[in-house]
Amino acid sequence: GNNNILHVRNNSRNSFNRNDNEKKEIKVVLKPYTQEDFDYWEDYYFDINDLEYFNIKPCQEVWLNNKLWYSYNSKNPCYRYVFNGKYKIYKPLDTTGYRWLNNCDNYNNIQGFEYLDYKSDTLIITKSFKDVACIKKHLNYDSISFHGESHYIDEKIINYLKNKYKKIYFFYDNDKSGIRDAEKLSKLYDIPHIYIPKQYSVKDISDYIKTYGIHSAKQIVKLLINY
């Protein structure tokens, strides 16, 4: 079980954790779900039960170090994810470039860690919590995501995961930087990487599901990991 996860996570505070994120104090005022939330998430086949399960909550306000960072706007909804007590904030429709905010690290706040059930022999490491939730809910594979695609991952965590799963894959975006980062991590940790073939004109698994549906997504991921 879950006890060894906590052991892995809380081991030592390694120096690479001491990043700028830890200086960020994020406070969130939540709001009830409204229609635009359902409109956005139902493209990925998520309903209110899924949003509750994955603890994806809409924000009325987000404060960063006591300054207002976001205020509710129905054209630009904002969601709070929680990973082991820390927050990641996501504004999927934002066009100004500030779509993310978080105070997480890649040791104690791995995205999706608390949803692992170790029932499948396969783990998919992807690049966003939306992808994690899609893979877990629709494709039935365990999945996690680290913060930032070209991140450093603690060797202890990699070893822990290699002991738990027969097969592990990096599954990042199929754009230049996604493939470059996946190749780098693949070499570094001796874990194969997969990506959606370019001809589908979508960059990641959540967009694939949105465009082609769940059944097709199951098939393509099966093909990719058995290739």
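Throughout, residue positions are numbered sequentially from 1 according to the sequence presented. Since the structure is predicted, the reported quantities are computational estimates derived from the model, not experimental observations.
Here Leu185 contributes atom CG and Phe170 contributes atom CZ; the two are 4.5 Å apart, rounded to the nearest 0.5 Å. Atom CD of residue Glu42 and atom CG of residue Asp37 lie 11.0 Å apart, to the nearest 0.5 angstrom. To the nearest 0.5 angstrom, Thr122 atom OG1 is 11.5 Å from Ile135 atom CD1. Atom CD1 in Ile179 sits 9.0 Å away from atom CG in Asp173 (nearest 0.5 Å).
Nearest approach of Tyr189 to Ile158, heavy atoms of both residues: CD2-CG1, 3.7 Å. The two residues Asn103 and Tyr87 come nearest to each other via the heavy atoms OD1-N, 3.0 Å. What you find for Asn174 and Val202 is that their closest heavy atoms are ND2-O, 2.9 Å. Across all their heavy atoms, Lys86 and Asn109 have their closest contact at CG-ND2, 3.2 Å. The minimum heavy-atom distance linking Ser206 with Cys134 is given by the pair CB-SG, 3.7 Å. Nearest heavy-atom pair across Asn226 and Lys167 is OD1-NZ, 4.4 Å.
Within 6.0 Å of NZ in Lys198 there are more than 12 heavy atoms belonging to other residues, nucleotides or ligands. Residue Phe38 qualifies as enclosed at atom CZ: its count of foreign heavy atoms under 6.0 Å is above 12.
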| request: For the pair Leu93 and Tyr40, evaluate side chain to side chain contact (heavy atoms under 4.5 Å, CB included) and give the outcome as yes or no after the intermediate values. | output: CA-CA 9 Å; Leu93 307 180; Tyr40 175 76; 4.1 Å; yes

| message | I'd like to know whether Lys57 forms a side chain to side chain contact (heavy atoms under 4.5 Å, CB included) with Tyr81, so could you lay out the CA-CA distance, the side-chain angles of the two residues, the decisive distance to 0.1 Å, and finally the verdict. | response | CA-CA 7 Å; Lys57 294 287 167 71; Tyr81 305 148; over 6 Å; no

| request: Kindly indicate, with the supporting measurements, whether the criterion side chain to side chain contact (heavy atoms under 4.5 Å, CB included) is fulfilled by Gln35 and Asp39. | output: CA-CA 6 Å; Gln35 194 52 49; Asp39 291 345; 2.9 Å; yes

| Step by step, would you call Asn84 with Asn108 a side chain to side chain donor-acceptor pair (under 3.5 Å)? | CA-CA 7 Å; Asn84 199 23; Asn108 300 292; 5.0 Å; no

| field | Residues Ile110, His147; criterion side chain to side chain contact (heavy atoms under 4.5 Å, CB included); working and verdict | value | CA-CA 7 Å; Ile110 298 165; His147 304 278; over 6 Å; no

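No donor-acceptor pair under 3.5 Å is formed between the side chain of Asp181 and the backbone N or O of Lys184.
Between Asp207 and Lys130 no salt bridge is recorded (no basic side-chain N to carboxylate O distance below 4.0 Å). Between Asp43 and Lys210 there is a salt bridge, since a side-chain N of the basic residue sits under 4.0 Å from a carboxylate O of the acidic one.
Linking Ile, Leu, Val, Met, Phe, Trp and Tyr whenever their side-chain heavy atoms come within less than 4.5 Å leaves Val29 and Ile89 in two separate clusters. Put simply, Val82 and Val28 are part of the same group of oily side chains (I, L, V, M, F, W, Y) that touch within less than 4.5 Å, one to the next. A chain of hydrophobic side-chain contacts below 4.5 Å, direct or via other Ile, Leu, Val, Met, Phe, Trp or Tyr residues, connects Tyr45 to Ile196.
Here the options are Phe54, Trp41, Tyr70, Tyr90, the test is ring-ring contact (aromatic ring centres under 6.0 Å, His included), and the partner is Tyr79; only Trp41 passes.
Between Leu123 and Lys164 the shortest side-chain heavy-atom distance does not fall below 4.5 Å. Between Phe46 and Lys137 the shortest side-chain heavy-atom distance falls below 4.5 Å. Counting heavy atoms from C-beta outward, Tyr169 and His193 have side chains that stay 4.5 Å or more apart. Here the side chains of Ile205 and Phe171 are in contact, with some heavy-atom distance below 4.5 Å. Within the 4.5 Å cutoff, no side-chain heavy atoms of Tyr172 are placed close to those of Lys203. Inter-residue side-chain proximity for Arg80 and Leu30 is flagged as met; some heavy-atom pair is nearer than 4.5 Å. Ile168 places a side-chain heavy atom less than 4.5 Å from the side chain of Ile125. Inter-residue side-chain proximity for Phe129 and Phe83 is flagged as met; some heavy-atom pair is nearer than 4.5 Å.
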Below 3.5 Å, can you tabulate the donor-acceptor pairs from side chains in residues 139-146 to any protein atom, sequence neighbours excluded?
unit_1: Asp142; atom_1: OD1; unit_2: Asp117; atom_2: N; d: 3.4
unit_1: Asp142; atom_1: OD1; unit_2: Lys136; atom_2: NZ; d: 2.6
unit_1: Asp142; atom_1: OD2; unit_2: Asp117; atom_2: N; d: 3.1
unit_1: Asp142; atom_1: OD2; unit_2: Tyr118; atom_2: N; d: 2.8
unit_1: Asp142; atom_1: OD2; unit_2: Tyr165; atom_2: OH; d: 2.5
unit_1: Ser143; atom_1: OG; unit_2: Ile124; atom_2: O; d: 2.9
unit_1: Ser145; atom_1: OG; unit_2: Gln111; atom_2: NE2; d: 3.2
unit_1: Ser145; atom_1: OG; unit_2: Thr126; atom_2: O; d: 3.2
unit_1: Ser145; atom_1: OG; unit_2: Ser128; atom_2: N; d: 3.2

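Taking the six-membered ring for Trp and thresholds of 30 and 60 degrees, Tyr208 and Tyr212 have ring planes inclined between 30 and 60 degrees apart.
Both the sub-6.0 Å distance and the 45° axial angle are satisfied by Lys88 relative to the ring of Trp100. The cationic atom of Lys27 (NZ for Lys, CZ for Arg) does not lie both less than 6.0 Å from the six-membered ring centre of Trp69 and within 45° of the ring axis.
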